[in-house]
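Contents: one structure, followed by commentary.
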Number of protein chains: 2
Amino acid sequence: MAERGRPRTFDRGEALHRAMLLFWEKGYQGTSMSELTAAMGINAPSLYACFGSKEALYRETMALYDDYEGGGFGSALAAAPDARTAIETYLMGSAKLFTRPGKPAGCMVVLSVIQAAGVSEEAACELRDARAEMQRLLEARLQAEAAKGALPASCDISAIASFYITVQQGMSIRARDGATRAELEAVARGAMAAWTGLTRART
Amino acid sequence: MAERGRPRTFDRGEALHRAMLLFWEKGYQGTSMSELTAAMGINAPSLYACFGSKEALYRETMALYDDYEGGGFGSALAAAPDARTAIETYLMGSAKLFTRPGKPAGCMVVLSVIQAAGVSEEAACELRDARAEMQRLLEARLQAEAAKGALPASCDISAIASFYITVQQGMSIRARDGATRAELEAVARGAMAAWTGLTRART
DNA sequence: CGATTTATTTATCGCTTGCTACAGAAAGGT
DNA sequence: ACCTTTCTGTAGCAAGCGATAAATAAATCG
């Protein structure tokens, strides 16, 4: 079953990647079609034929980000020997991810809380779910630790997860504001200083 | 020295306040002139005559926010009996500020890291300075505590300030994402659990 | 009063936005 | 060869953007 018709003259994945970098940096509304077509090296009709619409393209770049840029945290959390190490790895990994040279600072999913303004309600829900998923992952890891008996049954797992998620999201903003990797790592270490207090059994 | 010419038919402060709420909620690019004029109850020429341009209006709303909405933290920090209480008050106050019913969620200055996209370089610097000012305030309060001898001389004051600023900025995002005041307060308490570890003398 | 000053209304301006109609080009199918 | 299918470039759509020109209205000044 060979492909019929005139073959595409550009690499779809490469074009998608370039679109992702633009959306990541400037948000949905902040990125115009002319910027997109210029960066992707194609004309508007090719973009629409290949991706459907600006919003569909945006959602696809978000999925690409989830898979290749923001990813790996789920397995990393599971692989860590204990929950404390898992969360520390999560924060230290975020510090590195948020400050990679040549890539926009901060996390595309986190910043989309604001950057996705103008997108449809449906897409906004998708993004919100992606954010909630991270909280769910953290809670699951903590729950597993509690099941092992390594965490007091009385401690508030969702509050712990919420705290570390908040720190990580704050790191996204700080990265956007110019914070270096070293600064973010110091923040991560600061957050880990709360571990003992957070996981102590309730009185 | 009475005023010459036809008097203005709208209240400048009231119009500015309404513009602030719009910019706060939707950001600079996300707010259009037609939305502004509709919300302010005036026509475009009145807006330009009174405020100069969309960007000038934006900067003026930011100043208004600084004075009346985000303000009070400087004096609150100084009034607290000790640095720990000062920071706890800062975070708990933020939790309240970020979730006031009838007002956009989160902090206008913090969210401007992203929401101010499209604004001039000069205005962006102003906003960045406003953010840096908060870090400076926290550091000054910690420094004062250290001068009293209530904080080990060896602890890293800028790292402590950086950590709590990051948490507060993270809370802004969480608020935008729908977090309740109670959730944010739990995060604030979580951050305070790091205090002992952060302020312990270095080994 | 008339002259001056300022604000308001109406009706745009030039430009960019996201998007698409159309004609031509390059492949496979038969 | 010819037809079909798919992609590409040009050219342009309606709508909205930020901003303004011109005419009118309402105040003070002399």
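Both backbone and side-chain heavy atoms feed into the values below; hydrogens, waters and symmetry mates do not. Just so we're clear, the structure is a prediction, and the values are computed from it rather than from any experiment. A note on names: the letters A, B, ... follow the listed sequences, proteins ahead of strands, and every chain is numbered from 1.
- The backbone N or O of T180(A) lies less than 3.5 Å from a partner atom in the side chain of E183(A), making a donor-acceptor pair.
- Side-chain atoms of Q143(A) and E139(A) form no donor-acceptor pair, as typed in the model, at a separation below 3.5 Å.
- Not one N or O on the side chain of S172(B) forms a donor-acceptor pair closer than 3.5 Å with the backbone of L111(B).
- In this structure, Y48(A) does not reach the dT20(C) phosphate: none of its side-chain N or O atoms is under 4.0 Å from OP1 or OP2.
- T85(A) contributes no side-chain N or O that, together with a main-chain N or O of A80(A), makes up a donor-acceptor pair within less than 3.5 Å.
- To the nearest angstrom, C1' of dT8(D) lies 17 Å from CZ of R12(A).
- Heavy-atom distances under 4.0 Å link DNA chain D to T31(B), S32(B), M33(B), S34(B), A44(B), P45(B) of residues 14-47 of chain B, given in residue order.
- A side-chain donor from one of Q168(A) and Y90(A) sits under 3.5 Å from a side-chain acceptor of the other.
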Under 3.5 Å between N/O atoms: give me all the protein pairs with nucleotides 2-5 of chain C, atom names plus distance.
| residue | atom | partner | partner atom | Å |
| --- | --- | --- | --- | --- |
| dT5(C) | O4' | R4(B) | NH2 | 3.3 |

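- In this structure, F10(B) atom CZ and dA26(D) atom C1' are separated by 15 Å, rounded to whole Å.
- Following rounding to the nearest Å, R8(A) (CZ) and dG28(C) (P) show an atom-to-atom distance of 16 Å.
- Between the side chain of Y58(A) and the backbone N or O of S53(A) there is no donor-acceptor pair closer than 3.5 Å.
- In this structure, K54(A) places its NZ atom 16 Å from P of dT16(C), rounding to the nearest Å.
- For R174(A) (side chain) and T166(B) (main-chain N/O), no donor-acceptor pair under 3.5 Å exists by modelled atom type.
- Comment: R100(A) engages E69(A) in a salt bridge, judged by a side-chain N to carboxylate O separation of less than 4.0 angstrom.
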